[in-house]
Amino acid sequence: SSSSSSSSRRGGVSGSRGIHYEVSFMEDCCAVASFWKGEGNQEIAAGHADLACMCYRNGMGLVDLIRDSATVQARRLFVDLANNNAAACLRLHRFQDAASSATEALRALVEHGGIAEAKARFRRGRAQMMMRQYVEAMVDLRVAAELSPQDESIHSILRECEAHIRN
């Protein structure tokens, strides 16, 4: 049909579920998700963690629309949004939400062993500690400490977690 030939000329991508996305649609989703990331960052800086969570979740939802055919850039953006959402949830003492967002970031990682993984593991570990899940927290915090050995805040929380397990 003429519609399928015109879309292939514009450059579409098929996702694993057989859904065909226009490249322009995927770029638009990422552009708007980037906008939401920026808005969230401004809200966090202004001390509005609740509004920041809303912004980050909006961005995550847009990238999630194209998950099956997402580019490496889109996946990195999703990881950043999920990590930032985890941090905002921690500020709001929404520890289960923080742990869930950090887990989403870890599942979407493009490359393991980097700063994005360290952030996600640190934030999930902090959330788990606040929920008194000390063994699970220690696992994440130890990985975070290995990935970011010079970050004293990670080592401090890890020592606190180990003390809870000993006692």
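One-based numbering along the sequence shown.
Residues M54 and L62 are members of separate hydrophobic clusters, defined by side-chain heavy-atom contacts under 4.5 angstrom among Ile, Leu, Val, Met, Phe, Trp and Tyr. Hydrophobic clustering (ILVMFWY, side-chain heavy atoms < 4.5 Å, transitive): V32 and V63 are in distinct clusters. When the side chains of ILVMFWY residues are joined at heavy-atom separations under 4.5 Å, either directly or via intervening members, L77 and I44 end up in a single hydrophobic cluster.
Using modelled atom types, no side-chain atom of D64 and backbone atom of M60 make a donor-acceptor pair closer than 3.5 Å. Without hydrogens or angle criteria, H155 side chain to P149 main chain gives a donor-acceptor distance under 3.5 Å.
The other residues sharing a hydrophobic cluster with L106 are V79, L109, where clustering joins ILVMFWY side chains under 4.5 Å apart. The hydrophobic cluster around V135 extends to F122, M129, Y134, M138, L141, I154, I157, L158, I165, counting ILVMFWY residues whose side-chain heavy atoms fall within less than 4.5 Å of a member.
Rounding to the nearest 0.5 angstrom, the gap separating the CD atom in E117 from the OG atom in S148 is 11.5 Å. For the atom pair CD of E27 and CD1 of I66, the computed distance is 9.5 Å after rounding to the nearest 0.5 Å. Distance CZ/F95 to CZ/R123: 14.5 Å, rounded to 0.5 Å. A distance of 4.5 Å separates CE of M131 from CD of Q96, quoted to the nearest 0.5 Å. Rounded to the nearest 0.5 Å, atoms CG (L92) and CG (D97) are 9.0 Å apart. Rounding to the nearest 0.5 Å gives a distance of 10.0 Å between CZ of R126 and CD of E160.
Y56 and K37 get closest at one heavy-atom pair: CE2-O, 3.6 Å. Of all non-hydrogen atoms in G114 and L147, the two that sit nearest each other are O-CD1, 4.1 Å. Heavy-atom minimum distance, A52 versus G40: CB-O, 3.4 Å. What you find for A86 and A102 is that their closest heavy atoms are CB-N, 3.9 Å.
We find that R159 and E152 are joined by a salt bridge, their nearest charged nitrogen and carboxylate oxygen being less than 4.0 Å apart. Between R76 and E111 there is a salt bridge, since a side-chain N of the basic residue sits under 4.0 Å from a carboxylate O of the acidic one. The pair E146-R142 fails the salt-bridge criterion, with no side-chain N (NZ, NE, NH1 or NH2) lying under 4.0 Å from an Asp/Glu carboxylate O. A salt bridge links E104 with R57; the closest basic N to acidic carboxylate O contact falls under 4.0 Å.
In this structure the side chain of S101 never reaches within 4.5 angstrom of the side chain of N83, judged on heavy atoms. Using a 4.5 Å cut-off on side-chain heavy atoms (C-beta onward), R94 and C53 make contact. Between N84 and N41, some side-chain heavy-atom pair lies under the 4.5 Å cut-off.
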**Request:** Would you please test C55 and N85 for side chain to side chain contact (heavy atoms under 4.5 Å, CB included) and show each step?
**Result:** CA-CA 9 Å; C55 293; N85 191 60; over 6 Å; no
